[in-house]
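Below is one structure, written out as structure tokens; comments come after it.
Every number for a ligand or one of its atoms is a count from 1 in the order of the listing.
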Amino acid sequence: MSEIKSSQEALIPPVSRREFIATVGVGVASATVLTTGVMEAEPAAETLAHEPTEGSAHHVPISLWVNGTQYEIGVEPRWTLATVLRRELGMTGTKIVCDRGECGACTVIRNDQLIYSCMTLAVDCDRSRIETIEGVALKEKLHPLQQAFIDNDALQCGYCTPGMVMALKHLLDHQPRPALDDVKEACAGNLCRCGTYPNVFKAALEAAQKMR
Ligand code: FES
Ligand code: FES
């Protein structure tokens with residue numbers, strides 16, 4: 001399924017890097033989902049029920065808090081969190097690239113821990129708090145890390161970028177004064193085929209400085 005989706009995405013007209021990062025940072029592709037733009041300290045009052053797109057007699061009901069909004073959703077036990085975020089909730093900012101735990105493109109934060117969402121079953125995330133790239137921006141304003149990615153030209157094709165941003169945001173959330181080695185370690189599980197690492201490191205350090 002994910003390979004088919006990747007092929008479909010390849011047919012979508014290209015956008016500029018600035019448009020891309022603004023899209024993955026602020027927007028959500030599906031009109032079925034209303035995101036808050038930032039993780040909220042308290043759960044939102046609203047709960048959204050979601051009908052699975054694929055019919056099955058084996059849907060298991062789960063509850064997910066994604067970017068501060070609660071979703072009640074039925075999932076098949078074999079569906080990964082990445083698939084549920086992208087296909088069921090329309091949050092396509094999270095990318096599926098290798099789909100086998102090697103590249104980190106699908107990185108999200110679950111209960112304050114970085115995970116590969118392509119290697120995590122959605123049923124195991126019942127009652128979890130998930131933060132995706134759609135929840136990183138501060139209302140209508142990009143997060144300093146997203147802005148630093150733009151300012152430092154820290155992306156080329158952009159496929160690794162949402163995962164990189166999530167990994168580095170997790171670092172900055174916990175370590176406001178990271179050294180270069182901390183930054184390198186934080187995104188060691190995120191591969192960039194375009195080789196943007198030096199600019200990614202610069203962006204993370206610059207964002208850390210601006211956030212202090
Ligand atoms: S898509 Fe999940 S690790 Fe590569
Ligand atoms: S910018 Fe292309 S894979 Fe990282």
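Atom 2 (Fe) of ligand 1 lies at 2.8 Å or more from every N, O or S atom belonging to Cys98. At least one N/O/S atom of Cys194, from backbone or side chain, sits under 2.8 Å from atom 2 (Fe) of ligand 2. For atom 2 (Fe) of ligand 1, the set of nearby N, O or S atoms under 2.8 Å includes none belonging to Cys103. Here Cys160 does not reach atom 2 (Fe) of ligand 2: none of its N/O/S atoms is less than 2.8 Å from the metal.
Contacts between Glu102 and ligand 1, counted as non-hydrogen atom pairs separated by less than 4.0 Å, involve the backbone only. At a heavy-atom cutoff of 4.0 Å, ligand 1 is contacted by the backbone of Asp99 but not by its side chain.
The ligand atoms of ligand 1 that sit less than 4.0 angstrom from a heavy atom of Gly101 are 3 (S). Atom numbering of ligand 1 starts at 1 in the shown order; those under 4.0 Å from a heavy atom of Val97 are 1 (S). Near Gly104, meaning under 4.0 Å from one of its heavy atoms, ligand 1 places the atoms 3 (S), 4 (Fe). In summary, the atoms of ligand 2 found under 4.0 Å from a heavy atom of Gly158, numbered by their order in the structure, are 1 (S), 2 (Fe). Using a 4.0 Å cut-off to heavy atoms of Cys118, the atoms of ligand 1 that qualify are 1 (S), 2 (Fe), 3 (S). Close approach to Cys106 involves these atoms of ligand 1, each under 4.0 Å from a residue heavy atom: 1 (S), 2 (Fe), 3 (S). Short contacts between ligand 2 and Arg193, defined as distances under 4.0 Å to a heavy atom of the residue, involve ligand atoms 3 (S).
Nearest non-hydrogen protein atom to atom 1 (S) of ligand 2 is Gln156 N, 3.2 Å.
The number of heavy atoms from other shown groups lying within 6.0 Å of CD (Glu72) is above 12. Residue-environment remark: CD (Gln209) stays at or below the threshold of 12 foreign heavy atoms within 6.0 Å. More than 12 heavy atoms of other residues, nucleotides or ligands lie within 6.0 Å of CZ in Arg212, so this atom counts as buried by the packing criterion.
Tested against Cys187 for a side chain to side chain contact (heavy atoms under 4.5 Å, CB included), the candidates His170, Met166, Met164 yield a single pass: Met164. When each of Asn67, Thr94, Thr107, Thr92 is checked for a side chain to side chain donor-acceptor pair (under 3.5 Å) with Thr132, only Asn67 meets the rule.
For the pair Ser117 (side chain) and Cys106 (backbone), a donor-acceptor distance under 3.5 Å is present. Looking at Thr196, its side chain never comes within 3.5 Å of a backbone N or O of Asn199 through a donor-acceptor pair. Side-chain N or O atoms of Tyr71 include none that pairs as donor or acceptor with a backbone N or O of Val66 at under 3.5 Å.
Aromatic ring centres of His58 and Trp79: separated by at least 6.0 Å.
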